[in-house]
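Okay, so here's the structure we're looking at.
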Protein chains: 2
Amino acid sequence: MSLDRRSGCPINLSLEVFGDRWSLIILRDMIFGGRRHFRELLNGSMEGIASNILADRLKRLMELGMLTKADDPSHKQKAIYSLTEMAITLVPILAHLGAWGRVWLPTSDELSIRAELLEKGGPPMWEKFMGELRHEHLGTPLDTPSGPSVRATLRAAYEAVVASKTLSAGPTT
Amino acid sequence: MSLDRRSGCPINLSLEVFGDRWSLIILRDMIFGGRRHFRELLNGSMEGIASNILADRLKRLMELGMLTKADDPSHKQKAIYSLTEMAITLVPILAHLGAWGRVWLPTSDELSIRAELLEKGGPPMWEKFMGELRHEHLGTPLDTPSGPSVRATLRAAYEAVVASKTLSAGPTT
DNA sequence: TGCAACTGATTTCAAAATGCAATCAGTATG
DNA sequence: CATACTGATTGCATTTTGAAATCAGTTGCA
């Protein structure tokens, strides 16, 4: 899990940054799930990451300049992890990745609705989302605060699908 | 290197397909380098893939439906690997990945010129490229054969940078 | 015919990464 | 003062990786 610099090819270097099974999962949970703390990432991860792997990847992502860490005033041992601009600009890649996976892989309905929405929203929606992430993580002022946040929109869509599934296949008593 | 199905999330499933250090490198060499044979991929890879890893990944990519294999008429032991539509639609992802890496990672000039061109070309260029790949790998007719192929354009740009570097820093005798 | 080079792999084995469970010391809470 | 929570770390078994050597069959050439 170190940076080999096998070649100066952009695709290769990108792979060396997040060409493993966990780094992008962590960034996904921070970006789409809004998670900022170790425990949130540990327990909230759908895929069940182990604590040693999480600690290792957080450290590595910090060394790579994708994350920063700050003290949480509410608890002396609590740390808040923030995305850097480098990580925030992954949004279009994650959007494409989700769109591709939705088409070609056996994704579940409730989880793919967000990818679908993000794909349909296109670059304008990605830009809006990145603006919101910059606001949350870097303190940048929100340029055009129009309507509900992208994350809220995505979550609402997710919950709507879950609700409709519960209705159609739920308890009949 | 098997498909765990840790969750039905599109991003997670995509990661399970090419969230390793070699699968995307192989696909990159096939897509941008036009490589179709085992030896071409083995010796042509800038990153120096080992033959057992290459054999394993080719097999895995076939099982996943990203590649197909056919006999080469010129040699009874020779095989030709072809991209499937599933793999061809990775072009936009590779383009984004290259663009991101070019901005944030220490890429070399001659290798990043292709990523830059592909980024500037945008979706129209990607579509043209995918059309050409479909023609090469799936036998689909070329819809609008306008000008030189995308691959040739990218290669020409690469060679131009290499040449200019040789000029400015080359031998003075 | 003989022999070297080439074909797509496979074998072997050491090193590294992974994953799970238990554990850690410091901090807040009741 | 006991209990739960904070971000980790440790130990250890399993899995994956990677490099070199090797494989059997095929081809080209002398």
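In what follows, every chain begins at residue 1, and chains take the letters A, B, ... in the order their sequences are listed.
Between the side chains of B/T89 and A/W100, at least one donor N or O sits under 3.5 Å from an acceptor N or O.
B/L142 and B/L133 fall into different hydrophobic clusters, where Ile, Leu, Val, Met, Phe, Trp and Tyr residues are linked whenever their side-chain heavy atoms come under 4.5 Å apart, directly or through other members. If you chain together hydrophobic residues whose side chains sit under 4.5 Å apart, A/I80 and A/F32 never meet in one group.
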Please produce a list of atom pairs where a protein N or O lies less than 3.5 Å from an N or O of nucleotides 3-6 of chain D.
from: D/dT6; atom 1: O2; to: A/Q77; atom 2: OE1; distance (Å): 2.5

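Atom-to-atom, CD1 of A/I49 to P of D/dG7 comes out at 14 Å; the value is rounded to the nearest Å. Rounded to whole Å, atom C1' of D/dG7 lies 16 Å from atom CZ of A/R36. Between the P atom of C/dG8 and the CG atom of B/D72 lies a distance of 9 Å, rounded to the nearest Å. Here the C1' atom of nucleotide C/dC20 and the CZ atom of B/R6 are 15 Å apart, to the nearest Å. The separation between B/L41 atom CG and C/dG8 atom P is 9 Å, rounded to whole Å. If you take CG of A/D20 and P of D/dT16, they are 15 Å apart, rounded to a whole angstrom. Regarding B/R35, its CZ atom lies at a distance of 14 Å from the P atom of C/dG8, rounded to whole Å. Distance CG (A/L54) to P (C/dA17): 18 Å, rounded to an integer number of Å.
Between B/K69 and C/dA9, a side-chain N or O to OP1/OP2 separation shorter than 4.0 Å is present. OP1 or OP2 of D/dT17 lies within a sub-4.0 Å distance of a side-chain N or O belonging to B/R57. Distances shorter than 4.0 Å separate some side-chain N or O of B/W22 from OP1 or OP2 on D/dG18.
Look at A/E132 and A/R151 and you find no salt bridge, because none of the NZ, NE, NH1 or NH2 atoms lies under 4.0 Å from a carboxylate O. A salt bridge is defined here as a Lys NZ or Arg NE, NH1 or NH2 lying under 4.0 Å from an Asp or Glu carboxylate O, and B/R36 with B/D72 fails to meet this definition. The residues B/R102 and B/E119 are annotated as salt-bridged, a charged nitrogen and a carboxylate oxygen being separated by less than 4.0 angstrom.
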**Study point:** Derivation and outcome, side chain to side chain contact (heavy atoms under 4.5 Å, CB included), residues A/M46 and A/R28
**Key:** CA-CA 11 Å; A/M46 248 176 336; A/R28 176 203 66 184; 4.0 Å; yes

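Both A/N52 and A/K76 sit near DNA chain C, but only A/N52 has its closest nucleotide nearer the 5' end. Nucleotides of DNA chain D nearest to A/I53 and B/S51 differ in position, and the one nearer the 5' end is that of A/I53.
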